[in-house]
Amino acid sequence: MPELPEVETIRRHLEAAVLGRRILAARTHRRDLRRPFPAKLATRITGRRIAALERRAKYLIVRLEGGIALLVHLGMSGRILIGPADARVEPHVHFTLDLDDERRVNLQDPRRFGMVDLVPDDKLAEHPLLRGLGPEPLAPAFNGPALAKMLEGRGTSIKAALMDQRRVAGLGNIYVCEALFRAGISPKRKAGSVTGDRADRLAVAIKTVLADAIDAGGSTLRDHRLPSGELGYFQHHFAVYDHEGEPCPGCDCKTGIKRIVQGGRSTFYCAKRQK
DNA sequence: AACAAGACCTGCATGC
DNA sequence: TGCATGCAGGTCTTGT
């Protein structure tokens with residue numbers, strides 16, 4: 001499910017809804033997701049207040065008082081929903097936090113590709129899952145030259161390079177396709193050939209598509225929900241993603257939007273407009 | 001070292 | 001109706 005805009009949307013809504021609340025009870029409802037839940041997780045976080053909500057790439061970081069943080073990844077199908085603390089636990093809800101205002105935070109993830117870890121604040125920066133991540137694309141320092149440098153010498157496709165979290169952090173299949181369309185760059189182009197003006201255009205396209213998607217609450221194809229249960233609606237603004245066979249919104253070409261497979265994932269693009 | 005392919009899981013749409 | 005197939009927002013591991 002979630003790429004950077006979906007995680008950022010969830011982060012913002014959680015910040016408004018649960019910042020400062022105390023965890024009265026925490027429960028895991030199975031022993032693992034993609035990886036095991038940390039040992040004694042519930043015991044170690046019970047009684048603590050939620051001190052900050054942050055995001056790095058597609059990871060949500062829930063800082064708790066006392067110098068520890070939950071590191072959460074939502075995989076493909078994960079959501080975080082807030083509901084009443086006395087409600088029945090829904091199917092596929094694997095982790096719950098009962099708060100001091102009679103509400104419950106539910107982590108629901110049918111495919112269980114997500115994960116939760118518990119990390120001391122001073123160990124976060126060197127955590128194995130965060131250590132190797134590339135730059136945040138919405139940071140001011142991310143620009144054409146910085147992007148070109150990350151892509152320098154890469155023989156792989158620009159599509160595959162942008163999907164690689166070590167190069168740019170937080171992009172996934174949807175927003176890579178959409179950014180390449182906005183920048184007029186073919187997904188098949190060699191990553192290392194994206195330099196100069198092209199890299200400038202791509203950096204701007206990445207920033208704007210992410211910002212637009214965050215403004216729209218992310219994209220709900222199937223699973224993504226805001227913590228309130230509301231849908232995101234950026235899917236209505238896709239130019240190419242999931243639009244195989246439809247006319248290209250940017251030109252009058254006859255072929256329309258094509259779908260190819262790169263690295264086992266669908267890529268959508270306009271062969272005329274993207275070079 | 002870089003890159004592609006396979007594995008991990010469930011649910012849903014499609015077609016026979 | 002039932003069953004098989006393929007596909008889905010991501011990463012991690014394995015093999016070339």
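What you see is a predicted model; the values in this text were computed from it and never measured.
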Subject >> Interface limits on DNA chain B, where chain A has a heavy atom under 4.0 Å of a nucleotide atom >> reply: B/dA2 to B/dG11
Subject >> Side-chain ion pair, A/R11 and A/E8, N-O less than 4.0 Å >> reply: yes
Original post:
Just the dot-bracket of DNA chain C, please: which string comes out with Watson-Crick or G-U pairs under 3.5 Å, [ ] for crossing, | for another strand?
Top reply: .|||||||.|||||||
Original post:
Between C/dA8 atom P and A/D109 atom CG, what is the distance in whole Å?
Top reply: 18 Å
Original post:
Can you find a side chain N or O atom of A/Q165 that sits less than 4.0 Å from OP1 or OP2 on C/dG10?
Top reply: no
Original post:
Side chains of A/D117 and A/H127: donor-acceptor distance under 3.5 Å anywhere?
Top reply: yes
**OP:** Scan A/G263 against the nucleic acid and name what it touches under 4.0 Å (heavy atoms): base, sugar-phosphate only, or nothing.
**Re:** nothing
Original post:
Between A/A160 and A/R222, which has a closest nucleotide on DNA chain B that is more 5'?
Top reply: A/A160
Original post:
At under 4.0 Å between heavy atoms, what does A/F234 touch on the DNA or RNA strands: base, sugar-phosphate, or nothing?
Top reply: nothing
Original post:
Between A/Y241 and A/E178, which heavy-atom pair has the shortest distance, and what is it?
Top reply: N-OE2, 2.8 Å
**OP:** Just call it for A/T220: base, sugar-phosphate, or nothing, with non-hydrogen atoms closer than 4.0 Å on any strand.
**Re:** base
**OP:** Confirm from the modelled atom types if A/R265 and C/dA8 form a donor-acceptor pair under 3.5 Å, side chain to base only.
**Re:** no
Original post:
Rounded to the nearest 0.5 Å, what separation is found between the CG atom of A/L133 and the CZ atom of A/R131?
Top reply: 10.5 Å
Original post:
Starting at the 5' end of DNA chain B, which residue's closest nucleotide do you reach first, A/G264 or A/R166?
Top reply: A/R166
Original post:
Shortest non-hydrogen contact from A/G47 to A/E65?
Top reply: O-OE2, 3.8 Å
Subject >> Length of the CZ-C1' vector between A/F113 and C/dC12, whole Å >> reply: 11 Å
**OP:** Please report, rounded to the nearest Å, how far the P atom of C/dT11 is from the CG atom of A/L4.
**Re:** 11 Å
Original post:
If you check every side-chain atom of A/E3, which of C/dG10, C/dA8, C/dC12 has the closest atom?
Top reply: C/dG10
Subject >> Closest non-hydrogen atom pair between A/M150 and A/R166, with its separation >> reply: CE-O, 3.5 Å
Original post:
NA contact type, A/G114, heavy-atom cut-off 4.0 Å: base, sugar-phosphate, or nothing?
Top reply: nothing
**OP:** Return yes if a side-chain donor-acceptor contact under 3.5 Å exists between A/R259 and A/S266, otherwise no.
**Re:** yes
**OP:** Indicate the atoms forming the closest heavy-atom contact of A/K58 with A/L4, along with that distance.
**Re:** CG-N, 4.1 Å
Original post:
If you find the nucleotide of DNA chain C closest to A/R111 and the one closest to A/L129, which residue's nucleotide is nearer the 5' end?
Top reply: A/R111
**OP:** Indicate whether any N or O donor in one side chain lies under 3.5 Å from an N or O acceptor in the other, for A/S228 and A/H13.
**Re:** no
**OP:** Check the distance between C/dC7's C1' and A/N173's CG and give it to me in whole angstrom.
**Re:** 12 Å
Original post:
Looking for any heavy atom pair under 4.0 Å, which part of the strands does A/R154 touch: base, sugar-phosphate only, or nothing?
Top reply: sugar-phosphate
**OP:** Salt-bridge test for A/D32 and A/R112: reply yes if a basic N is under 4.0 Å from a carboxylate O, no otherwise.
**Re:** no
Subject >> Between C/dG10 (C1') and A/D223 (CG): distance, integer Å >> reply: 12 Å
Subject >> Rounded P spacing from C/dT14 to B/dC9 in Å >> reply: 15 Å
**OP:** Using whole Å, report how far CG of A/L130 lies from C1' of C/dG10.
**Re:** 15 Å
Original post:
Roughly how many Å is it from CG in A/D164 to C1' in C/dC12, rounded to a whole number?
Top reply: 13 Å
Original post:
Quick one: A/D32 CG to C/dC12 C1', roughly how many Å, whole number?
Top reply: 15 Å
